[in-house]
Amino acid sequence: MKSFGNFVQWFLYITVGIMLVCAVGYKAYGAETVSTDIFFEILAAAFFTALITTFLSPKEGDGKTAARIKIAIHYFALWIIMCVIGIKFEWINANPKGIGMMAVYVGAVYLFTFLATCIAELKKAEEINERLKEKYGDEK
Amino acid sequence: MKITIETPKQGEEDEIIVRCAALDERLWQMIQALWSENRLTGYFEDKIVKLSLKEIYYFEAVDNRIFAYTEKETYEIHKKLYELEKEYEHTDFLRISKSVIVNVSKIAYVKPVFSGRLEARLKNGESVIVSRQYVTALKKKIEI
């Protein structure tokens, strides 16, 4: 149940992240028409990447080094799966340039997801800190 | 015997005042019972110390042994972590991971660490990790 909750959370973050990258990409490269298939392709990509993220993201008890290694493995796993999906859906060409571009796209989604998570976590911590201060502020 | 329960003002400590003409055996036993609820026996080398709950920052399970950490000292406690959790569930103590029960009133602040966990910095400068699954319980404990 906990893993399912994590999966849904990652699915939502990643979907929004891919949508942003696509929106910026289409605007920058001046695509005038976009196939409606793109929505299902985005959802499929988000599904597989969220699945990988649920199982490969750092877990309880992982030390700093283990967490960093897992993040690196996770990034490369996402890159590989997104290259396969990208070539299948013709988002990229199956050449070094296309694969290199996918590394950048995955990095952008990674950064967005990381920042979104950080903001949510910071907000939660702030809320707890305020309450702690109210309740126990002067206690030693 | 008349029993009066009053709610203290905000910021005031909970207090039990006994008003009696004479401290008889029955009353003394009640006081002893109340007193022992807030005391815990800690062991350090060959010393046995009565610890007040208020001075304990957190309990930690290490290799099947339980330790209580005060501001500067560490004492072994001859109880299981789940027993302490159950016994002190109505106090400021809260289970925050598989191996730690923290005194929430001793948390100075929390900050996020990767994957939904929080690092709780205690008022004595030590840090403990609040596991993702216990963050909701922490929020509930401090009435968020």
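Naming convention: chains lettered A, B, ... in sequence-line order (proteins, then strands); numbering from 1 in each chain.
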Taking C-beta and beyond as the side chain, do B:I107 and A:Y136 meet within less than 4.5 Å on heavy atoms?
no

Give a yes or no on whether B:I16 atom CD1 has more than 12 heavy-atom contacts from other residues, nucleotides or ligands under 6.0 Å away.
no

Taking atom CD of B:E89 as the centre, does the number of heavy atoms from other residues, nucleotides or ligands within less than 6.0 Å exceed 12?
yes

Inter-residue atom distance B:L138.CG - A:I128.CD1, 0.5 Å rounding
4.5 Å

Can you get from A:I52 to A:V8 by hopping between Ile, Leu, Val, Met, Phe, Trp and Tyr side chains that sit under 4.5 Å apart?
yes

For the CD atom on B:E12, are there more than 12 heavy atoms of other groups (residues, nucleotides or ligands in this structure) within a distance under 6.0 Å?
yes

Is there a side-chain contact between B:R132 and A:N6 in this structure, where contact means two heavy atoms from C-beta onward sitting under 4.5 Å apart?
yes

Would a single hydrophobic cluster contain both A:L43 and A:I18, if residues Ile, Leu, Val, Met, Phe, Trp and Tyr are joined by side-chain heavy-atom contacts under 4.5 Å?
yes

Identify which part of B:Q10 has an atom lying under 4.5 Å from any heavy atom of chain A, answering side chain, backbone, both or neither.
neither

Within a radius of less than 6.0 Å around CZ of A:F112, do more than 12 heavy atoms belonging to other residues, nucleotides or ligands occur?
yes

Taking all non-hydrogen atoms of both residues, which atom of B:K111 and which atom of A:A125 are closest, and how far apart?
CA-CB, 4.4 Å

Can any side-chain N or O of A:R131 pair as donor or acceptor with the backbone N or O of B:I142 at less than 3.5 Å?
yes

For the student: nearest non-hydrogen atoms of A:N129 and B:V110, plus distance
OD1-N, 2.7 Å

How close do B:K141 and A:K135 get, counting heavy atoms only, and between which atoms?
O-NZ, 3.4 Å

B:V135 versus chain A, heavy atoms under 4.5 Å apart: side chain, backbone, both or neither?
side chain

Are B:I66 and B:Y43 joined in one hydrophobic group, where the rule is that I, L, V, M, F, W and Y side chains link up if heavy atoms are under 4.5 Å apart?
no

